[in-house]
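Report on one structure; see the data block that follows.
Just so it is clear: chains get the letters A, B, ... in the order the sequence lines come, proteins before strands, and each one is counted from 1.
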Number of protein chains: 2
Amino acid sequence: MEKAPRQIILEAPSLEDALPIVKSGISHKRLVILAGRCSVEYEGRASSSLGPGERLIILKSDGSALIHRPKDYSPVNWQPPGSLFQTKLRENKLVIRIYHRKDHEVMEITFTGFKLVSILDLKDSGEFNLYASESDMQQAILTQPSIIEEGFRPITSEKPVDPGFIDVLGVDRNNVLTIVEIKRVKATKKAVLQLKKYMDVINLDSNRKVRAILVAPALAEGAEEILVSLGYEFKTLSPQYCAEILKLRGGKRITEYFK
Amino acid sequence: MEKAPRQIILEAPSLEDALPIVKSGISHKRLVILAGRCSVEYEGRASSSLGPGERLIILKSDGSALIHRPKDYSPVNWQPPGSLFQTKLRENKLVIRIYHRKDHEVMEITFTGFKLVSILDLKDSGEFNLYASESDMQQAILTQPSIIEEGFRPITSEKPVDPGFIDVLGVDRNNVLTIVEIKRVKATKKAVLQLKKYMDVINLDSNRKVRAILVAPALAEGAEEILVSLGYEFKTLSPQYCAEILKLRGGKRITEYFK
DNA sequence: TAATAAATGTCGTTT
DNA sequence: AAACGACGTTTATTA
């Protein structure tokens, strides 16, 4: 059995010294972290050219690659998982060619010097959970429909209709059919138009009155205009509050079981 | 004058050894690169919880933060530029608190061990240029309108109308008003409906015939149906080809100047 | 600051 | 594989 390789950390190695280390790191599917002076060319869905400068490069074992400048949240260049990495010396420069066959994309990083070369093995099986998503809001409405309004009763959720899926379909206290569209952020024109698409379909199918309620933490200026002109309604509801409801419900479930 | 600090690279330092290094790196606005076992809590627009595991953490001098797992393109947790970093030991763990006041967001990374701690200064003034964007497509159509069709003449671009902006407005060889909507990726239903919005507005204003042309590298299945039913047209055009046209035009400009 | 649309968007789900 | 919508979307532009 092959012994577990130790991690490698090199400060400012020469290109010649870095080459076998990077090659080995890539071929053994380890995490490659590079910092150094480089330029980058990209050709694929779009094209880009990045002049010389010092950046941080991350090559992951799943074939994803990130090139980060010293500022900004998003990488200046990148490739999604599934890329192949090739490394070689060319004209006294170390070139990493990143090739995504499926997407027909190529990226080439040309290094003229390194500040850091590191090969690590990160073991990560930690669980990740996200709360207060749109689906959390939908769940909260289904488990406690009164947060929309007193007497609201959901019939179905994610009902498929021609243009997409109606988030929640129900009836109000007067048995009037009600379409609910949920947004986890401030609702824009787009959300209103999405709701309109569903209403158009529902109105074709039935002649009875239908209510449309847009549910979101806030409503944009231009969105309100259209909403009002269409006769739709708005209900303020934050994803955080919905997450709270689900948390409480989760705790209550056992007592309810014994009712 | 303060002397330029040298970069720091530590392999598997203790939490106690790492603390002053990380603190100093943050306060001196240098790039902080950490690899180690940690867990992450996030609270803001949403909330999330990430159990223990080994990750790569990047703290940039503009106050952006990235937490990368060993796989995937996108960070599992992050904060945009403008965040504040606080570091301290708590119950034998090193805690980095990342606080974004403007967005009311907090993220907390709790380290139980490090594999790598590095503080770097990256100098990067390289120029970045992106080609084959939607605006490149628009430029290409304006400089060489025949790529839409023979005889097409643009009148205006980015014309503001009620719902937004018409990408290109022009007339065809028969002087018929023509609306052009550009997409740099395969056009979906959404693009057709966007074009319809513009058409609805234009049709209100005038009674004369108007043509609607959707320009994109490809047309989605469902999109074609609607397009045909609305009597709109489709023209295949790739952003890469548009970038080529602009490159040629750019090279030609001098000769044209002497014509 | 708010609104609006593009993005090498990415990511997941469903057909 | 294609289509479709959510995303802690992010980012840029404009009113």
Side-chain angles (χ1 to χ4, degrees), chain A residues 40 42-48 64-65 67 72-81 83 98 100 102-107 128 130-138 158 160 162-165 167 181-191 194 197 217-225 239-240 243, chain B residues 42-48 64 72-81 100 102-107 128 130-138 158 160 162-167 181-191 193-194 197 218-225 239-240 243:
Chain A
V40 184
Y42 155 71
E43 187 93 30
R45 287 166 290 176
S47 328
S48 72
S64 51
I67 301 176
D72 300 334
Y73 155 77
S74 42
V76 61
N77 282 111
W78 72 91
Q79 276 300 306
S83 305
I98 298 165
H100 202 288
K102 193 169 156 288
D103 297 345
H104 307 288
E105 299 209 306
V106 187
M107 199 166 78
F128 179 71
L130 180 70
Y131 311 96
S133 57
E134 185 181 295
S135 86
D136 282 349
M137 293 181 75
Q138 189 179 106
E158 292 298 322
D162 169 36
F165 295 85
D167 286 339
E181 172 67 26
I182 306 167
K183 290 294 162 197
R184 70 172 306 290
V185 292
K186 184 188 280 196
T188 61
K189 274 184 193 175
K190 210 163 96 178
Q194 196 176 337
K197 285 193 303 178
L219 185 59
E221 186 85 16
E224 187 170 15
E225 262 184 71
Q240 286 81 1
Chain B
Y42 155 74
E43 188 93 27
R45 285 167 289 179
S47 324
S48 73
S64 52
D72 299 334
Y73 156 77
S74 41
V76 61
N77 281 111
W78 71 92
Q79 275 300 312
H100 202 290
K102 193 170 156 287
D103 296 346
H104 308 287
E105 298 210 308
V106 186
M107 200 166 77
F128 180 71
L130 181 70
Y131 310 97
S133 60
E134 186 183 293
S135 88
D136 280 353
M137 294 181 75
Q138 190 179 107
E158 292 300 321
D162 169 36
F165 295 85
I166 294 175
D167 287 338
E181 172 66 25
I182 306 167
K183 289 293 161 196
R184 70 173 307 289
V185 292
K186 183 187 280 195
T188 61
K189 274 184 194 174
K190 214 162 92 177
L193 294 175
Q194 195 175 340
K197 284 193 304 178
L219 185 60
E221 185 86 18
E224 187 171 15
E225 257 186 75
Q240 288 84 358

### Gap in Å between the two P atoms, one belonging to dC4(D) and one to dT8(C), rounded
22 Å

### Message
Between dA5(C) and dG8(D), how many Å separate the two P atoms, rounded to a whole number?
### Response
22 Å

### Query
Side-chain contact, heavy-atom cut-off 4.5 Å: His100(B) with Val106(B)?
no

Spatial distance of atom [atom1] ([X]) from atom [atom2] ([Y]) [nearest 0.5 Å]:
X         : Y         : atom1 : atom2 : value
Arg45(B)  : Gln240(A) : CZ    : CD    : 10.5 Å
Asp103(A) : Ser83(A)  : CG    : OG    : 7.5 Å
Met137(B) : Asp167(B) : CE    : CG    : 9.5 Å

Taking [atom1] from [X] and [atom2] from [N], how many angstroms apart are they, rounded to a whole number?
X         : N       : atom1 : atom2 : value
Phe165(A) : dT14(C) : CZ    : P     : 8 Å
Lys183(A) : dT9(D)  : NZ    : P     : 11 Å
Leu193(B) : dA3(D)  : CG    : P     : 15 Å
Ile166(B) : dA6(C)  : CD1   : P     : 13 Å
Glu225(B) : dT15(C) : CD    : C1'   : 14 Å
Asp103(B) : dG8(D)  : CG    : C1'   : 10 Å
Lys189(A) : dA6(C)  : NZ    : P     : 13 Å

If you restrict it to nitrogen or oxygen atoms, what contacts under 3.5 Å exist between nucleotides 7-11 of chain C and the protein, and what is each distance?
residue: dA7(C); atom: OP1; partner: Glu134(B); partner atom: N; Å: 2.9
residue: dT8(C); atom: N1; partner: Tyr42(A); partner atom: OH; Å: 3.4
residue: dT8(C); atom: O2; partner: Tyr42(A); partner atom: OH; Å: 3.3
residue: dT8(C); atom: O2; partner: Arg45(A); partner atom: NH2; Å: 2.3
residue: dT8(C); atom: O4; partner: Asn77(A); partner atom: ND2; Å: 3.0
residue: dT8(C); atom: O4; partner: Trp78(A); partner atom: N; Å: 3.1
residue: dG9(C); atom: OP2; partner: Arg184(B); partner atom: NH1; Å: 2.2
residue: dT10(C); atom: OP1; partner: Arg45(A); partner atom: NH1; Å: 3.3
residue: dT10(C); atom: OP1; partner: Arg45(A); partner atom: NH2; Å: 3.2
residue: dT10(C); atom: OP1; partner: Trp78(A); partner atom: NE1; Å: 3.0
residue: dT10(C); atom: OP2; partner: Arg45(A); partner atom: NH1; Å: 2.6
residue: dC11(C); atom: OP1; partner: Ser74(B); partner atom: OG; Å: 3.0

### Task
Please tell me which of Ile182(A) and Lys186(B) maps to the more 5' nucleotide of DNA chain D, matching each residue to the nucleotide holding its nearest heavy atom.
Lys186(B)

### Query
Counting heavy atoms not belonging to Glu224(B), are there more than 12 under 6.0 Å from its CD?
no

### More than 12 heavy atoms of other groups within 6.0 Å of Glu158(A) CD
yes

### Message
What I want to check is whether the side chains of Tyr42(A) and Gln79(A) have a donor and an acceptor closer together than 3.5 Å.
### Response
no

### Message
Please tell me if Gln194(A) has a side-chain N or O lying less than 4.0 Å from either OP1 or OP2 of dA6(D).
### Response
yes

### Query
In dot-bracket, 5' to 3', how would DNA chain D read with Watson-Crick or G-U wobble pairs under 3.5 Å, [ ] for crossing ones and | for pairs to another strand?
|||||||.|||||||

